[in-house]
Each structure stands twice: as C-alpha cells, then as structure tokens.
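I have placed the structure first, in the form of structure tokens, so that the comments after it can refer back to it.
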Amino acid sequence: MSEPNAAPKPLTKPSIWDVYYPSKIDENLESVPVASFPMIIYFWPSIFVFLACGVLQAMGVAQNPLGWMATASLAFNLLVIVTDLSQKKFVIAMLALVVVGLLLYIAHQKDMSFVGGIGHWIAGLELYYSTHVYFVISGFLFFFLFLGMLQPRVDYWLFEPNEFTHYVQPWGRDQSIPRQGSTVTREVPDVLELFLTFGGGSLVVRRENEVVARIEHVPFLGRRMKALENMLGVTRVHSV
C-alpha cells in the first residue's frame, strides 16, 4: 500500500527515435512523438520478395515461379496504394473473392470452354526477370524507403499533456494546438495498410468538432494510442 503523501512518479522523457517505434508505452511519459510516414513504407513486402527472388534465381531456382511471385508482390503493393478498404469494404471484398472462386470452380466443373481458355492462357504466361533486375528493383525500393524514413525524424508532432506541437526541423515549432477542448482519435481508413504497418492508421486531432490536424500512415499506432491514453487520461479512440 502506497503512502498517502508519496511523491508522484517522475515523468520519463522519451527519445525522439520513438517516432519510429514507441518503446516506453507503460511509463509516465512527458510527451509522445508521432509522425506521418510516406507511403513507400507499404512497399517493404516487395523489397524482400524481389531481393529473395534475386538470391533464389542466382542459386538456380526456376525463373517462372519467381517471376510470378515478384509480380504478385508488386501488384499487391500497388493495390494497397490505389484502394482504401475500410473494415466493411474489406469484408465485402473477401466475400466477393470467395464468390468469384466458387463461380470459377463451377464453370470448370461444367467444362465451360471460355473459362477454361482464360485459365490456360494465364497458366501459359511466362514471367521472367533477370537476376540483375531483381536486385536493381529491390535496391531502388530500399533506397526510396531509406529516404522516406528520414522524413519523420525532421517532421513530427509532440503530444504533451497541455498542448500538441508540430515541429519541422531545423526551424522548430510550426503549429501548436491546446490540449484543452481537443480530442485525439484513431482512424483506420484501410485494412491492408493496417496490416502492413503493424496496427497503423491515422491520428486525427479535433477541436470543436473540426479536424485541425491529421497525421496519416502512422505505423504501430495501436501501440502509440496506449501511450497517449496513459499520458492524456481519457482518450477517445475509434476506427473508421
């Protein structure tokens, strides 16, 4: 049992590098750094797939399956960029895929020549990339990812108990929002982006029911919200 006159726990000053990964979410923090990341962060699957395909092809693995893997990973990443699948839309899309799969299976069982012709045409496609192409594309994507990861270090927000401040280095403070009368909410506009950023989403600051700041593409946002809740007390969180 704690003493009634015990001194409050001292505040912990987080590292600015926590903008990449919130490491001290259960401590009594004096601020929580949050930053918007560029959309290149969603391309990390393609980076690893192209690099792995290059290594496997150099080891003598068949080219066509590797070409399909690399193409599929790039198509998936482009799908993430051009679509916004909310939770409801994601469920509808999954159900639609199941229905399409069942229809194709029924058509195959009925020996429909049209569907069979499309299937044979797709199966006959040969997708080849040279080993150098795999390494070059992977290298380019990694280089752009590296450049994108520098942005949050110089353009970020500090959420403190009394105010929310936007910093742009090396110039310093760019915008300040009083804590009083403001609410902080988490939005998940796209389920695929949520998966690729390990529980990410958008952090939205509202004041008098008007959006005054929107910080998008924040990785590990679910974890960050715990730190914000501990620091700010009651924080309203919802997903859209």
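- Although no hydrogens or angles enter the test, the distance criterion places a donor-acceptor pair under 3.5 Å between the side chain of Arg179 and the main chain of Ser182.
- Distance alone, capped at 3.5 Å, places no donor-acceptor pair between the Arg173 side chain and the His166 backbone.
- Leu56 contributes atom CG, which lies 10.0 Å from atom OG1 of Thr131 (distance to the nearest 0.5 angstrom).
- Summarising the geometry of Leu221 relative to Gly201, their closest heavy-atom pair is CD2-C, 3.5 Å, with the distance given to 0.1 Å.
- Pro45 is listed as a side-chain neighbour of Asn77, based on a closest heavy-atom distance under 4.5 Å.
- For the residue pair Glu160 and Ser31, no side-chain donor N or O sits within less than 3.5 Å of a side-chain acceptor on the partner.
- Atom-to-atom distance recorded for Phe43:CZ and Leu141:CG is 7.0 Å, nearest 0.5 angstrom.
- In this structure, Phe146 places its CZ atom where only 12 or fewer heavy-atom neighbours from other residues, nucleotides or ligands lie under 6.0 Å away.
- When all heavy atoms of Thr83 and Asp190 are compared, the closest pair comes out as O-OD2, 3.0 Å.
- Applying the side chain to side chain contact (heavy atoms under 4.5 Å, CB included) test to Val211 and every residue at least two apart in sequence or in another chain returns Val204, Arg206, Arg214.
- With values rounded to the nearest 0.5 angstrom, Ser130 atom OG is found 8.5 Å from Gln63 atom CD.
- A continuous path of ILVMFWY side-chain contacts below 4.5 Å connects Phe143 to Leu145, so both sit in one hydrophobic cluster.
- Environment of CZ in Phe220: crowded, with over 12 heavy atoms of neighbouring residues, nucleotides or ligands closer than 6.0 Å.
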N/O donor to acceptor pairs below 3.5 angstrom from side-chain atoms of residues 32-42, sequence neighbours left out:
residue	atom	partner	partner atom	Å
Ser36	OG	Glu216	O	2.7
Tyr42	OH	Glu193	OE1	3.2
Tyr42	OH	His217	ND1	2.9

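- Atom CG of residue Asp155 and atom CH2 of residue Trp171 lie 10.0 Å apart, to the nearest 0.5 angstrom.
- Residues Asp18 and Ser23 share a closest heavy-atom pair of OD1-OG, 3.2 Å.
- No single ILVMFWY cluster, assembled from side-chain heavy atoms under 4.5 Å apart, contains both Val168 and Met149.
- The backbone N or O of Leu196 lies less than 3.5 Å from a partner atom in the side chain of Trp44, making a donor-acceptor pair.
- Between the side chains of Gln151 and Tyr156, no donor-acceptor pair is found at a separation under 3.5 Å.
- When every heavy atom of Ser73 is checked against every heavy atom of Ala70, the shortest pair comes out as OG-O, 2.7 Å.
- Arg224 places a side-chain N or O within 3.5 Å of a backbone atom of Val19 that can act as its donor or acceptor partner.
- The minimum heavy-atom distance linking Gly54 with Tyr134 is given by the pair CA-CB, 3.6 Å.
- Smallest separation of non-hydrogen atoms from Gln175 and Val212: NE2-O, 3.5 Å.
- Using a 4.5 Å cut-off on side-chain heavy atoms (C-beta onward), Ile177 and Thr165 make no contact.
- Asp84 places no side-chain N or O within donor-acceptor distance of the main-chain N or O of Pro189, the cut-off being under 3.5 Å.
- Ile92 and Leu194 fall into different hydrophobic clusters, where Ile, Leu, Val, Met, Phe, Trp and Tyr are joined by side-chain heavy atoms under 4.5 Å apart, directly or via other members.
- In the hydrophobic clustering of ILVMFWY residues, with side-chain heavy atoms under 4.5 Å counting as a link, Phe198 and Phe195 come out together.
- Exactly one of Val136, Leu66, Ile137 qualifies for a side chain to side chain contact (heavy atoms under 4.5 Å, CB included) with Phe50. That residue is Ile137.
- At a threshold of 4.5 Å between non-hydrogen side-chain atoms, the residues Phe159 and Val205 count as touching.
- In this structure a side-chain-to-backbone donor-acceptor pair under 3.5 Å is present from Gln57 to Tyr129.
- Between the CG atom in Leu51 and the CD1 atom in Ile47 there is a gap of 9.5 Å [rounded to 0.5 Å].
- The CE atom of Met225 sits 11.0 Å away from atom CG of Asn230, with the distance rounded to the nearest 0.5 Å.
- Tyr167 and Val154 end up in different hydrophobic clusters when Ile, Leu, Val, Met, Phe, Trp and Tyr side chains are linked at under 4.5 Å.
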